[in-house]
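One structure below.
In this text, all values refer to a predicted model and were calculated from it rather than measured experimentally. Naming: A, B, ... by sequence-line order, numbering from 1 per chain.
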2 protein chains.
Amino acid sequence: MSTIRDVAKVAGVSVATVSRVLNNKGYVNEDTRKKVEAAIHSLNYKPNSVARSLFKKKSKMIGLIVPDITNPFFPQLARAVEDVTNHSGYTLVLCNSDEDIIKEQEYIEVLNQKYVDGFIIVTSTLKAEHIKDLKVPIVALDRPINLDTPTVSVNNYEGSRLATKFLCDTGCQKIAHVRGPYNVLNADERCRGYLDEVQDLDWFRPELVVNGNFNINKTKEIAKELLTLHPDIDGIFAGNDLMAVGVIKAAEELGIKIPEQLSIIGFDGITLCETTSPELTTIAQPIYNIGSKAVQILVDLIENRPLEQNNYTFSVELIERQSTKPR
Amino acid sequence: MSTIRDVAKVAGVSVATVSRVLNNKGYVNEDTRKKVEAAIHSLNYKPNSVARSLFKKKSKMIGLIVPDITNPFFPQLARAVEDVTNHSGYTLVLCNSDEDIIKEQEYIEVLNQKYVDGFIIVTSTLKAEHIKDLKVPIVALDRPINLDTPTVSVNNYEGSRLATKFLCDTGCQKIAHVRGPYNVLNADERCRGYLDEVQDLDWFRPELVVNGNFNINKTKEIAKELLTLHPDIDGIFAGNDLMAVGVIKAAEELGIKIPEQLSIIGFDGITLCETTSPELTTIAQPIYNIGSKAVQILVDLIENRPLEQNNYTFSVELIERQSTKPR
DNA sequence: ATGAAAGCGCTAACAG
DNA sequence: CTGTTAGCGCTTTCAT
C-alpha cells in the first residue's frame with residue numbers, strides 16, 4: 001500500500017498538494033494536478049480512510065440498528081437503507097440488537113468510537129437519556145424515540161382502522177385483534193386504531209384483544225385459545241404479518257376455513273405474505289420508501305443541510321389477497 | 001472525550017505507562033497501575049479505536065458479505081455469525097452484495113481500507129484472482145471460492161441424495177428437480193445428488209430438471225409449466241426452501257393436492273418452512289453451527305492460531321413435515 | 001519500571 | 001499556487 005508520501009515523491013510535489021488534489025480543495029495548478037493524478041494512478045494509490053477518520057473524526061459509515069434481523073420486515077428495510085447509503089457515498093454497518101438495550105448500547109458505543117457519522121435506529125427500549133450524549137445525528141425509524149429525534153414511520157393508527165373497517169365491510173361480525181408487545185409504539189397505535197373502530201359496537205369485548213408479541217408461535221398458541229373460547233370470531237386483525245401467519249396456523253389446526261369462516265388481515269406487507277396459503281391480505285408499508293427517507297434525512301443532517309420536517313409519516317395501503325373475503 | 005494524555009496527566013505518569021496498563025503489556029508497578037486505573041475511571045476514558053487502528057492496522061471488525069439479505073437463509077446465518085463475532089470481541093459489518101461482483105469488490109475495497117481484520121464471504125462470483133491481493137484472512141461460507149481458502153459448508157451432495165431417496169421411499173414414481181442457478185456450487189451439487197439417485201431409473205428424463213434460480217416467482221412459473229407438461233410427476237425436490245415454496249404455489253394454482261398427489265421437499269431448513277401450508281419437509285442445514293464455525297476459523301486465522309483443517313463440511317438432516325407422505 | 005520521542009497516514013493552518 | 005509543519009490519539013522502541 002502506497003501512502004500520500006509516495007505519491008508526493010513520484011509527482012515531485014509536497015504531500016499538501018497531493019492532499020489538495022485528493023480533496024479538490026484549495027488552489028492547485030492544472031499541470032501539477034495532472035502530474036499528481038498520474039502518480040496516483042501509476043501507484044494505484046488509495047487514500048487510507050482510517051488516517052482520514054482519525055483527523056476528521058468522521059468515517060463515511062452509518063450504523064443501522066434493528067431489533068431482529070430474522071423478522072423479514074427488517075432485511076427488507078435494511079436492503080433499502082443499504083441501497084441509499086451506498087448511493088450517498090457511505091458504508092452501512094448493520095447491527096442486530098435482539099431488542100436488548102445492552103446490545104444496543106454496546107453497538108452505539110463501539111460504532112461511536114469508530115467515528116460513524118450517524119445512526120438509524122429501530123428501537124423500543126432506547127430512550128432519550130441513552131442517546132443524549134451522542135454527538136452525531138440519529139434518525140428513529142419505524143418507532144419514535146422522542147420528540148427531538150427526527151422520525152420516519154407510517155400511519156399505524158390509520159392503517160389499523162383501515163384494516164378493521166375492511167373486515168367489517170366484508171361482512172365480519174366479530175373481529176378480534178392480536179396485538180404486538182406493549183410499549184412498542186406501533187403495536188400500541190395499531191391496537192388503538194382497532195379499538196376506536198370497534199369498541200362501541202355491541203359485539204365488542206375486551207377479551208377480543210390478545211397479545212401475540214410479534215411472534216409466530218406465541219400467536220399460534222394464543223389464537224388457538226382465542227378461537228376455541230370464542231368460536232364465533234369471524235375476523236382477526238393481526239398487528240403484523242408474522243402474527244397473521246400464526247393465526248393462519250392456528251385456524252388450520254382447528255380446521256377453520258380461511259376466508260370462508262375466518263378472515264385474517266396482517267400489517268407490514270412483507271414478502272412472506274405471498275408465500276402462505278392462503279396468501280395474506282395486509283396493510284402494506286412502503287418499506288423501501290421509509291428506509292430510503294431515513295437515510296436521506298440522516299445524510300442531510302450529517303452534511304449540515306437543514307431538515308424540512310422533523311417527522312415523516314408515510315401512508316399505508318391495503319393489499320387484498322386470499323385471507324379475506326372479497327369486497 | 002478524554003485522551004490518553006488526559007489520563008496520563010491526571011495519573012501523573014507518561015502516556016507510555018498508560019498505554020502499558022491499557023494493553024497489559026510490559027512492566028508496570030502495581031501502585032502506578034492503580035493510579036492509572038483510577039484516572040481512567042474518573043475520566044471515563046475509552047481508548048480511541050480509530051487511532052489504535054491507524055497504528056496497528058487492525059480494527060477488531062470483521063466483514064460478512066452475503067448475496068441476498070432478503071433470502072431468509074442469510075439473516076439466520078448472519079445472526080449466528082454476529083453472535084459469535086461479538087463473543088469473540090469483534091464487531092460485525094454485514095454487507096449485501098446482490099450477487100453483484102462489483103458490489104462485492106467495492107465492499108472488500110472499502111472494508112479493507114478500514115483495516116477490517118478478516119472476511120467471511122458467501123459468493124459464487126468472486127474467484128481466487130479477486131481476493132489474491134488481500135492481506136487479511138478470508139473464510140468462504142456456504143460456497144467454496146478455491147481450494148486455498150478455508151471453507152465451511154454442508155454436504156449438499158449427500159443431502160440431495162437423501163431428499164431424493166426419501167421421495168422414492170415414500171412412494172413417488174416420477175420425481176422432478178427444480179435446481180438453483182448454474183455455477184453456484186451448492187446448486188450444482190444438489191442437482192448432481194438428485195441425478196446420481198435417479199438417472200438410471202426407467203422413468204427418468206432430462207426434462208425433469210428445470211432451473212428455478214433460487215427464486216420463488218421464477219420457480220412458480222416454471223413449476224406450473226413442468227407440472228402441466230408432465231402431469232404424472234408426483235414428487236419434486238427443490239434445490240432450496242424458497243423454490244419449494246414456489247412449487248407449492250404452482251401446485252395450488254393447478255389444484256394439485258400436497259402431499260396426496262405431489263410430494264415436495266426443500267433444502268436449507270429456514271424458518272419459512274414452518275409458515276407455509278402445508279409445512280415444508282426439508283433437508284435442514286445446521287445454520288447456526290456453520291455460521292459459528294466460520295467465525296471461529298476466521299478468528300483463529302486472525303489471531304494466528306493454526307487451523308486444524310482447511311475445510312469443514314457439516315451434515316444435513318431430513319426434517320419431515322406435511323409436504324411429503326409419511327414414511 | 002518509566003519516560004521521551006518517533007511515527008501510523010492524513011489534513012489544514014500558515015507562510016511564502 | 002505550493003511547501004512546511006503541527007497535530008488527530010495511540011503504540012512502541014530505545015534510553016535511563
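Partner F119(A) forms a side chain to side chain contact (heavy atoms under 4.5 Å, CB included) with one of I131(A), L134(A), L298(A) and no other, that one being L134(A). Exactly one of V13(B), V18(B), V21(B) qualifies for a side chain to side chain contact (heavy atoms under 4.5 Å, CB included) with V28(B). That residue is V21(B).
Counting non-hydrogen atoms under 4.0 angstrom, T32(A) reaches the backbone sugars and phosphates but no base. Among the atoms of the strands shown, only primed sugar atoms or phosphate atoms (P, OP1, OP2) are found under 4.0 Å from some heavy atom of V13(A). Within the nucleic acid shown, T17(B) comes within 4.0 Å of sugar-phosphate atoms alone, with no base atom in reach, counting heavy atoms only.
Taking 4.0 Å as the cut-off between side-chain N and carboxylate O, R79(B) and D83(B) count as a salt-bridged pair. We find that D117(B) and K58(B) are not joined by a salt bridge, their nearest charged nitrogen and carboxylate oxygen being 4.0 Å or further apart.
As rounded to whole Å, 12 Å separates atom P of dA1(C) from atom CG of D31(B). In this structure, Y115(A) places its OH atom 18 Å from P of dG9(C), rounding to the nearest Å. Atom CG in N112(B) sits about 14 Å away from atom P in dG9(C), given to the nearest Å. In this structure, K9(A) atom NZ and dG9(C) atom P are separated by 12 Å, rounded to whole Å. When rounded to the nearest whole Å, the span between NZ of K57(A) and C1' of dT11(C) equals 12 Å. Between the CD1 atom of I4(A) and the P atom of dG7(C) there is a distance of 18 Å, given to the nearest Å.
Using a 4.0 Å cut-off, no side-chain N or O of T3(A) falls inside it from OP1 or OP2 of dG9(C). A sub-4.0 Å separation between OP1 or OP2 of dC8(C) and a side-chain N or O of N48(A) is absent.
Place K25(B) and L54(B) on DNA chain D by their nearest nucleotides, and L54(B) ends up nearer the 5' end.
Set against dG3(C), dG9(D), dC10(C), the side chain of S14(B) has dG3(C) as its closest nucleotide.
Between the side chain of R20(B) and the base of dG3(C) there is at least one donor-acceptor pair of N/O atoms closer than 3.5 Å.
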